[in-house]
Undergrad: 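Below is a structure I'd like to ask you about.
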There are 2 protein chains.
Amino acid sequence: MNTETYCIAGRLRMLARVATGLYNDAFTGENVTFAQAGLLMHIFAQPGIRQSALSKTLQIEKSAMSRDVQLMYKNGWLTDNRRGLFLTEEGSLLAKRCHKIWKELNQRVHAELGPEAVNGLTLLSESLLTKLLS
Amino acid sequence: MNTETYCIAGRLRMLARVATGLYNDAFTGENVTFAQAGLLMHIFAQPGIRQSALSKTLQIEKSAMSRDVQLMYKNGWLTDNRRGLFLTEEGSLLAKRCHKIWKELNQRVHAELGPEAVNGLTLLSESLLTKLLS
DNA sequence: TTATAAAAGTTGTATATACAACTTTTTGCG
DNA sequence: CGCAAAAAGTTGTATATACAACTTTTATAA
């Protein structure tokens, strides 16, 4: 691969599509997408976290986050009328089940990719986030 | 980062969002998204390519590709009534301008990330595509 | 304490994406 | 050739995402 043909953004987008498909498959039994499962797990780990904080951490635009959260609320996973995000009992139980699924899958993926590839992602990640993040 | 907190798919999705934003910015002057610019450049490089081929190469689902192509057609960038995808004159000129923008940006990004990070992406990419692509 | 600036969140609009189900086109074979 | 199977492409429906403009909430300074 040379500079001419190797597009950083294009490659990252493709890998994200592939990984998303793989992780989505793991959650079909729970009827959640990986994106939703991820948010559930974040809120489970940090109850009361604000949309703005998740937005910054995950680099998701605030309006996109707003809609993700609205959907989770509609699904009965979030409580109402509170400053910050809190899971309902149902949301909490689902988050725990998702975490179990995620942990097993993610460990398997780490193992299959191998330490070099995983380390490659770490290197890229650090470089990209420190140097290119406005 | 340890296995517990380091989600491969989550990280890839975040990096893809960041990179997409960066590349999108470069194309606002041409009023195209990076995704559209990428397709334009692929079709410019391979006139007559089929949706199915792009779909496989880029790992984009065929229905998503169908809609991307419809949009490009509506924008006047694709000819009609032909087997395979062909750019109109307008599409072709736009593709050339996009390629110039892309080349400069992508070189700058390669330089800013540094060879280690770029190589990290290559390693990850090869591992992920060979081992996890169904 | 209150006016206002800043931050957070929402809504309108549009693209990007996927899955399932369906239609159309292509291809192989008898 | 002409049919049947496979491949390609489309459409319905839903989520994920972004930008711009707007509203609401929060924080700060006089």
Undergrad: Suppose we screen for side-chain contact (heavy atoms from CB on, under 4.5 Å). Which residues come up paired with L93(A), at least two apart in sequence or across chains?
TA: E89(A), R97(A)
Undergrad: Just to be sure I understand the geometry, which residues of residues 88-98 of chain A put a non-hydrogen atom under 4.0 Å away from DNA chain C?
TA: none
Undergrad: Between R13(A) and A19(B) (side chain of the first, backbone of the second, donor and acceptor by atom type, cut-off under 3.5 Å), is there such a pair?
TA: no
Undergrad: Mind checking what makes side-chain contact (heavy atoms from CB on, under 4.5 Å) contact with D25(B), not counting sequence neighbours?
TA: none
Undergrad: Name the residue closer to the 5' end of DNA chain D, choosing between V69(B) and F34(A) according to the nucleotide with the nearest heavy atom.
TA: V69(B)
Undergrad: Go through the side-chain N and O atoms of E90(A) and T88(A) and say whether any donor and acceptor fall under 3.5 Å apart.
TA: no
Undergrad: Sequence neighbours left out, what pairs pass side-chain hydrogen bond (donor to acceptor under 3.5 Å, both in side chains) with at least one residue falling in residues 44-60 of chain A?
TA: none
Undergrad: Do any pairs count as a ring-ring contact (aromatic ring centres under 6.0 Å, His included) and have a residue in residues 38-83 of chain B, sequence neighbours left out, and if so which ones?
TA: none
Undergrad: Among side-chain atoms of N106(A) and Y6(B), is any donor-acceptor pair under 3.5 angstrom?
TA: no
Undergrad: Report the residue (R67(B) or R67(A)) whose heavy-atom-nearest nucleotide on DNA chain D is the more 5′ of the two.
TA: R67(B)
Undergrad: Is any NZ, NE, NH1 or NH2 atom of the basic residue among E104(B) and R108(B) found under 4.0 Å from an Asp or Glu carboxylate oxygen of the other?
TA: no
Undergrad: What is the 5' to 3' range of DNA chain D, first to last nucleotide, that sits under 4.0 Å from any heavy atom of chain A?
TA: dT15(D) to dT26(D)
Undergrad: Can any side-chain N or O of Q36(A) pair as donor or acceptor with the backbone N or O of T33(A) at less than 3.5 Å?
TA: yes
Undergrad: For E112(A), look at atom CD and say whether over 12 heavy atoms of other residues, nucleotides or ligands are found less than 6.0 Å away.
TA: yes
Undergrad: Taking N or O atoms only and anything under 3.5 Å, show me the protein contacts with nucleotides 24-28 of chain C, one pair per line.
TA:
none

Undergrad: Tell me, which of residues 13-32 of chain B have any heavy atom that sits under 4.0 Å from an atom in DNA chain D?
TA: R13(B), R17(B)
Undergrad: For the residue pair L54(B) and L85(B), establish whether any side-chain heavy-atom pair is separated by less than 4.5 Å.
TA: yes
Undergrad: If you take any heavy atom closer than 4.0 Å to DNA chain C, which residues from residues 56-63 of chain A end up in contact?
TA: K56(A), K62(A), S63(A)
Undergrad: Could you check whether S66(A) gets within reach of a base, just the sugar-phosphate, or nothing at all, counting any heavy atom under 4.0 Å?
TA: base
Undergrad: Return the 5'-most residue of the pair A64(B), G84(A) with respect to DNA chain C, ranking by each residue's nearest nucleotide.
TA: G84(A)
Undergrad: Using a 3.5 Å cut-off and no angle test, enumerate the donor-acceptor pairs between side-chain atoms of residues 65-72 of chain A and protein atoms at least two apart in sequence or in another chain.
TA:
from: S66(A); atom 1: OG; to: Q70(A); atom 2: NE2; distance (Å): 3.1

Undergrad: With sequence neighbours excluded, what pairs up with F86(B) under the side-chain contact (heavy atoms from CB on, under 4.5 Å) test?
TA: P47(B), T79(B), R82(B)
Undergrad: Looking at E30(A) and V32(A), would you say the former's side chain and the latter's main chain have a donor-acceptor pair under 3.5 Å?
TA: no
Undergrad: Quick one: side-chain contact (heavy atoms from CB on, under 4.5 Å) partners of L113(A), sequence neighbours excluded?
TA: V109(A), A117(A), V118(A), I8(B), L124(B), S127(B), L128(B), L132(B)
